[in-house]
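Here's the structure, in structure tokens; my notes come after.
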Amino acid sequence: MRKKSRKILALEALLRRIPLDHPKREEIATYRDNLLAGYHGETQVDYYLQLLPESNSYTLLQALRLPLHNTTFQIDTLLITPTFMLNIESKNISGILKFSQSPTQCTRIKDEKETGYIDPIEQADIQCRQLRRWLEFNNIKPGPIEFLVAISNPSTIVQSSTPQSNLIHVVHLPKRIQLLEAKYKERFITPSFQEKLTELLRERHQPEPSTMHEKYNISPNEIIKGLQCPVCSHFSMLKKQRGWHCLKCKALSKEAHVQAIEDYFLLFNSTLTNQQCRDFLLLDCRYKAKRILANMNLPTQNNTKGRTYATPPHLTAYKP
């Protein structure tokens, strides 16, 4: 199952921990919503890929981000088969999508408002060329590389001045893959090399940095410290014998610290010390912090007085 990107998780953490009246809040929320729309579109692609016949010959890589010279490029979904590779660029855009030539342009019309977008067809084609160059740079002879732009919103109306064979609604994805399998019969990689190629792509994957507060020039001093109540959302929880008590709504939680510590990892650093934990959770006792961190079973570094705790596995760099 495809997971939310670390960038989305970091944006959600940032929105939890900046004031409701922060001047950047609307901009951050809009960006988060756009990324979530893309994420939900990608999960629709995943759903229809599950409808393909069960076969050991398919390899599926998600949210792949690869270095190429001094830059990187990203592919939403890469399907590797013995006879071809397929780059699937998903778009979750509602309204009317108009594609025009001379110049190549994509326009969305919704609520009587026109908005220009990067042409996803051109974007996916560029990604294929970048993938081909990446393979050649790594001394791998590329086989056929195709692309499809999958519109995930079923209500989206597509209008184009010319036929667009690479543009489909996502429901047609399995059938189009079957047509590509009929087109490409000659195997370009062996099963063992397909496995090695997949592993190489995963190894070279570079997660995108998620320092969102730096992206928006938000000072660490603007980030709200403490524990957020899971019931009323106020940062008003104190440690008591039976857990965390909210001074605002009187709710009790035994796990409120987990979200707070994960927020720290998402917003600031990949490691955490006892002192940093106390500072962020507003604790006055190092032994309380020690027990909290130990009970979370976080990976540790250094077994001496300078022990640090590392990012939990589910928040670490995502592997496609």
Side-chain angles (χ1 to χ4, degrees), residues 2 5 7-8 30-49 51-52 60-66 68 71-81 84-134 142-184 208:
R2 189 185 296 257
S5 69
K7 182 187 287 188
I8 293 176
T30 298
Y31 185 43
R32 185 272 317 271
D33 292 344
N34 288 339
L35 291 182
L36 278 175
Y39 165 73
H40 292 309
E42 291 160 7
T43 60
Q44 284 295 300
V45 168
D46 297 341
Y47 170 79
Y48 285 100
L49 287 175
L51 302 182
L52 292 172
L60 184 64
L61 298 176
Q62 302 168 337
L64 184 64
R65 187 170 180 266
L66 296 171
L68 182 64
T71 185
T72 58
F73 66 98
Q74 183 164 324
I75 293 176
D76 287 347
T77 305
L78 180 64
L79 182 69
I80 305 174
T81 79
F84 67 93
M85 301 174 74
L86 177 63
N87 168 25
I88 307 171
E89 175 72 15
S90 63
K91 291 298 175 185
N92 186 9
I93 304 175
S94 58
I96 299 174
L97 278 185
K98 296 180 67 176
F99 292 86
S100 58
Q101 302 292 325
S102 300
T104 303
Q105 190 172 13
C106 174
T107 306
R108 191 266 294 270
I109 302 175
K110 185 178 181 181
D111 300 328
E112 301 182 351
K113 180 181 177 182
E114 290 193 22
T115 306
Y117 287 85
I118 296 174
D119 183 358
I121 298 173
E122 185 67 24
Q123 181 183 12
D125 184 44
I126 291 172
Q127 291 165 351
C128 288
R129 282 182 267 151
Q130 290 172 316
L131 178 60
R132 184 175 294 276
R133 289 175 61 192
W134 185 91
I145 302 177
E146 294 273 359
F147 73 86
L148 290 172
V149 175
I151 305 299
S152 61
N153 191 322
S155 65
T156 300
I157 298 173
V158 177
Q159 298 178 352
S160 178
S161 58
T162 58
Q164 301 289 351
S165 61
N166 296 93
L167 181 65
I168 63 170
H169 274 90
V170 69
V171 67
H172 302 297
L173 184 57
K175 184 177 180 179
R176 289 299 297 271
I177 292 174
Q178 290 176 346
L179 291 175
L180 287 172
E181 288 177 319
K183 177 181 178 181
Y184 296 108
E208 190 166 2

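Below, each value reflects all heavy atoms present in this structure, side chains not excepted, and no hydrogens, waters or symmetry copies. Throughout, numbering of the chain's residues begins at 1 and tracks the sequence.
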Q. Are Met85 and Leu78 close enough, and set up right, to give a side chain to side chain contact (heavy atoms under 4.5 Å, CB included), and what steps lead you there?
A. CA-CA 7 Å; Met85 301 174 74; Leu78 180 64; 3.9 Å; yes
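- No salt bridge links Glu181 with Lys175; every basic N to acidic carboxylate O contact stays at or beyond 4.0 Å.
- Looking at Lys98 and Ile109, their side chains come closer than 4.5 Å, going by heavy atoms from C-beta outward.
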Q.
For a side chain to side chain donor-acceptor pair (under 3.5 Å) check, start with the C-alpha distance between Lys110 and Thr115, then their side-chain angles and the critical distance, and finish with the verdict.
A. CA-CA 8 Å; Lys110 185 178 181 181; Thr115 306; over 6 Å; no
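- Checked by atom type, the side-chain pair Ser152/Lys91 shows no donor-acceptor distance below 3.5 Å.
- Side-chain contact between Ile126 and Phe73 is absent, with no heavy-atom pair separated by less than 4.5 Å.
- In this structure, the side chains of Ile151 and Ile168 stay at 4.5 Å or more apart for every pair of heavy atoms.
- Expressed to the nearest 0.5 Å, how far CG of Asp76 lies from CD of Glu42 amounts to 4.5 Å.
- A heavy-atom distance below 4.5 Å is found between the side chains of Leu167 and Phe99.
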Q) Do Gln164 and Ile121 pass the side chain to side chain contact (heavy atoms under 4.5 Å, CB included) test, and can you show the C-alpha distance, the side-chain angles, and the key distance before you say yes or no? A) CA-CA 9 Å; Gln164 301 289 351; Ile121 298 173; 3.3 Å; yes
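- Checking Glu146 against Tyr184 by side-chain atom types alone, a donor-acceptor pair falls below 3.5 Å.
- Residue Ile75 forms a side-chain contact (heavy atoms from CB on, under 4.5 Å) with just one option from Leu66, Ile88, Asn87, and that option is Asn87.
- Shown here is Arg129, whose CZ atom has more than 12 heavy atoms of other residues, nucleotides or ligands within 6.0 Å.
- With a 4.5 Å cut-off on side-chain heavy atoms, Leu97 and Gln159 do not count as touching.
- Taking 4.5 Å as the limit, some side-chain heavy atom of Leu86 sits within range of a side-chain heavy atom of Ile177.
- For the 3.5 Å distance criterion, the side chains of Arg108 and Thr156 fail to qualify, holding no donor opposite an acceptor.
- A side-chain donor-acceptor contact under 3.5 Å links Thr72 and Arg65.
- Formation of a donor-acceptor pair under 3.5 Å by the Gln127 side chain with backbone atoms of Gln74 is found in this model.
- The backbone N or O of Lys113 sits nowhere less than 3.5 Å from a side-chain atom of Asp111 that would complete a donor-acceptor pair.
- Sparse packing is recorded around OH of Tyr47, with 12 or fewer heavy atoms of other residues, nucleotides or ligands lying under 6.0 Å away.
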